[in-house]
Engineer: 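Sharing a structure here in structure tokens format.
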Amino acid sequence: MGEEVMVAVPESVLKKQKREEEWELAKKQELAATKKKNAENRKLIFNRAKQYAKEYEEQGKQLVQLKREARLKGGFYVDPEAKLLFIIRIRGINAMHPKTRSILQLLRLRQIFNGVFLKVNKATVNMLHRVEPYVTFGYPNLKSVRELIYKRGFGKLTQQRIPLTDNSIIEQGLGKHGIICVEDLIHEIITVGPHFKEANNFLWPFQLKAPLGGLKKKRNHYVEGGDAGNRENYINELIRRMN
Amino acid sequence: MAAAARPLVSVQPLPASLNDMATDHVTTVALPDVMKASIRPDIVNFVHTNISKNSRQPYAVSKKAGHQTSAESWGTGRAVSRIPRVSGGGTHRAGQGAFGNMCRGGRMFAPTKTWRRWHRKVNVNQKRYAVVSAIAASSIPSLVMARGHRVESVPEMPLVISDSAESIEKTSTAIKVLKEIGAYPDAEKAKDSHAIRPGKGKMRNRRYISRKGPLIVYGTEGAKMVKAFRNIPGVEVANVERLNLLKLAPGGHLGRFVIWTKSAIEKLDSIYGSFEKCSEKKKGYVLPRSKMVNADLARIINSDEVQSVVKPIKKEMKRASLKKNPLKNLNVMLKLNPYAKTARRMALLAEAERVKSKKEKLDKKRKPVSKEELAAAKAAGKAWYKTMISDSDYTEFDNFTKWLGVSQ
């Protein structure tokens, strides 16, 4: 059945043409809408990043100022107890007690030289105590957090490990908590914020390389000249070598 | 489905020269429901392979073959194999191996038996399904042509001729009729294809083979046309009440060229019934229902109902690109953090500033000091010393002036 024009165009062809037109229009409109949204977002992200940069600078300056003040008075400035830890698993998977194995699984450290961030509270501290011989941990500074997330940051979207190549990925994963860009994520991690749990869980465990220059002695605790356990601020130096 | 909904098939009239049948012109018959049944080549193939086994005659070797000796094994120790050997002497046959399938003159392995299961039972419904499918396929010109029949000059499929054909008595008129309705090329093809069979069948009473021509189906019992048409090479005749799958789908292949007479095609409805109405002749039989009533997938996909809820095609699928390190690659960094550009710029400027001011400071220090500056520096030093030694804030100094021997 065709319309009696010069050439009989089948009705199905006409219908298909109309459909394609509609779809094209819809796609174009959607594209324009997303473009606009992206432009707005960009400004917002810029301002947030600026604000965070200021915040970090201020924190740094404040710390220095407090220390100087204390030294002036002849006393000492005691840093507040760290809120954030970075744990790295330094031992392999064989010959492990099942209970410690389960704890390492809970901490998402299933592979050697895997790293995760962790909030400090009684529960986590006790867990760490039980797995001390298998991990090393410490208090990461801003540079460590930034470098880890930028270079080796992968997000968990629908059970898949997706590289953080675009802010849209972070928005998709953490948009509902107000975290829409990498800087937001870094800020949430480092100032253990209200949505630290979700942000940290969004980050897939970091797969670090074996440290350049080597470890001292895996079997011993850090205080005995080895590598296991809490090495407080020296974790940053290790992260530099492993990132 | 009312018969009115069925398309009409026109009955081909036969020329007035035979049997004074000039009365009616073109009449029509409604297409019987059988012709709209689902076509199932798989069922037809299955039923055909089984049905065609039913006319087999048993074969077997003689049950005595190979055992008509009293052979016995010589046992070990005689430097010969242990196969049973023919006893006795005085002839070639003595001492030859016997009984085994490997022996000359021995019995074959697993001698064939007549009680082999020669015939196959097929479910009645399956047999009927196959016949119904074959009839439906015979009305589709593409299937008939695919089977190899020359139906190019046939006016309509299914081909129906008027009942006057049933009273044809002479084969010459039969051939004329075939020529009239365009069925002769098919019969001719069959005639021309008569050849000696390749293979051993030649010497087993199956010497000649030829193609199959049209199958003529008639409706009234005892029609004279059977005798007229049966001698034409390739042409076969059948009564509509006794249709044979082996004739409707020779070789298990659908689409025999069938020529129906008007009374035959009218009887089909009562023999096979319709999709809802039971058949009158076959107890409780209803035509089989197809899995998909509308099997035209393209039409379904392009229909309004489907297309109205279908999503647009995603032409470009984005693939995962290589992850680049934002700490090294500025553009990738800017994608993630637009503030990074200004931050880096400020850092560079601050660095330049620092370098500059340090250089200035050093230059200043390395430059030789001018006389005025030198004098000013020295004077400042002296004043400072004075403040150190004067110490006017120290209240009890007066008491200690004697002690230290300091002169004010």
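Letters A, B, ... mirror the listed sequences (proteins, then strands); counts begin at 1.
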Engineer: Inspect the surroundings of NE2 in A/His195 and state if more than 12 heavy atoms from other residues, nucleotides or ligands are less than 6.0 Å away.
Structural biologist: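 It does: A/His195 NE2 has more than 12 such atoms within range.
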
Engineer: Mind listing the closest non-hydrogen atom pair of B/Lys323 and A/Gly153 along with its distance?
Structural biologist: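 Of all heavy-atom pairs spanning B/Lys323 and A/Gly153, the closest is NZ-O, 3.7 Å.
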
Engineer: Can you name the closest pair of heavy atoms from A/Ile45 and B/Leu336 and give their distance?
Structural biologist: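 Looks like CG2-O, 4.3 Å.
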
Engineer: For chain B, find which of A/Asp166, A/Leu164, A/Ile170 contributes the most heavy-atom pairs closer than 4.5 angstrom.
Structural biologist: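 When all of A/Asp166, A/Leu164, A/Ile170 are compared, A/Asp166 has the most.
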
Engineer: Given that the side chain runs from C-beta out, which part of A/Lys43 has a heavy atom under 4.5 Å from chain B: side chain, backbone, both or neither?
Structural biologist: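 For A/Lys43, neither part sits under 4.5 Å from chain B.
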
Engineer: Count the heavy atoms belonging to other residues, nucleotides or ligands that lie under 6.0 Å from CD of A/Gln105, then report whether that count exceeds 12.
Structural biologist: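 Check passes, neighbour count above 12.
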
Engineer: Give me the atom names and distance for the closest heavy-atom approach of B/Leu334 to A/Arg42.
Structural biologist: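 Closest approach of B/Leu334 to A/Arg42: O-NH2, 2.6 Å.
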
Engineer: Does atom CZ of A/Arg240 have more than 12 heavy-atom neighbours, drawn from other residues, nucleotides or ligands, at distances under 6.0 Å?
Structural biologist: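 Enclosed.
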
Engineer: Rounded to the nearest 0.5 Å, how far does NZ of A/Lys18 lie from CD of B/Gln307?
Structural biologist: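 Spacing of CD (B/Gln307) from NZ (A/Lys18) equals 12.0 Å.
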
Engineer: Are more than 12 heavy atoms, taken from residues, nucleotides or ligands other than A/Arg161, located less than 6.0 Å from that residue's CZ atom?
Structural biologist: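 More than 12 heavy atoms, drawn from other residues, nucleotides or ligands, come within 6.0 Å of this atom.
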
Engineer: Side chain from CB out, backbone as N, CA, C, O: work out which of these in A/Lys15 comes under 4.5 Å of a heavy atom of chain B, or both, or neither.
Structural biologist: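 Interface part for A/Lys15: side chain.
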
Engineer: Identify which part of A/Ser12 has an atom lying under 4.5 Å from any heavy atom of chain B, answering side chain, backbone, both or neither.
Structural biologist: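 Neither part; nothing is under 4.5 Å.
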
Engineer: Does CD belonging to B/Glu152 count more than 12 external heavy atoms closer than 6.0 Å?
Structural biologist: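 Result for CD/B/Glu152: enclosed.
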
Engineer: What part of A/Glu22 gets closer than 4.5 Å to chain B, counting heavy atoms only: side chain, backbone, both or neither?
Structural biologist: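 Looking at A/Glu22, nothing touches chain B.
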
Engineer: Pick one of side chain, backbone, both or neither for A/Arg152, based on which atoms fall under 4.5 Å of a heavy atom in chain B.
Structural biologist: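 Looking at A/Arg152, just its backbone touches chain B.
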
Engineer: For B/Lys335 and A/Asn167, indicate whether the former's side chain and the latter's backbone hold a donor-acceptor pair under 3.5 Å.
Structural biologist: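 The answer is no, because no donor-acceptor pair under 3.5 Å joins these two groups.
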
Engineer: Side chain, backbone, both or neither: which part of B/Lys341 has an atom under 4.5 Å from a heavy atom of chain A?
Structural biologist: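 Neither part.
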
Engineer: Report, as yes or no, whether the 6.0 Å neighbourhood of atom CD1 on A/Ile93 holds more than 12 heavy atoms from other residues, nucleotides or ligands.
Structural biologist: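 12 or below, so no.
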
Engineer: May I ask you to check whether over 12 heavy atoms, not counting those of A/Tyr77, lie within 6.0 Å of atom OH?
Structural biologist: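 Yes, the 6.0 Å shell around OH holds more than 12 heavy atoms from other groups.
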
Engineer: Please classify the contact between A/Arg19 and chain B as side chain, backbone, both or neither, with a heavy-atom cut-off of under 4.5 Å.
Structural biologist: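 The side chain, not the backbone.
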
Engineer: I need the residue from B/Val332, B/Thr342, B/Asn325, B/Asn302 with the largest number of non-hydrogen atom pairs under 4.5 Å to chain A.
Structural biologist: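 When all of B/Val332, B/Thr342, B/Asn325, B/Asn302 are compared, B/Asn325 has the most.
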
Engineer: Can you tell me how far CD1 of A/Ile149 sits from CG of B/Leu327, rounded to the nearest 0.5 angstrom?
Structural biologist: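 Rounded to the nearest 0.5 Å, the CG-CD1 separation comes to 11.0 Å.
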
Engineer: Would one find more than 12 heavy atoms of other residues, nucleotides or ligands at under 6.0 Å from atom CD of A/Glu24?
Structural biologist: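 At most 12 heavy atoms, drawn from other residues, nucleotides or ligands, come within 6.0 Å of this atom.
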
Engineer: What part of A/Ile162 is in contact with chain B, defined as an atom under 4.5 angstrom from a non-hydrogen atom: side chain, backbone, both or neither?
Structural biologist: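 Contact with chain B is absent: no heavy atom of A/Ile162 under 4.5 Å.
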
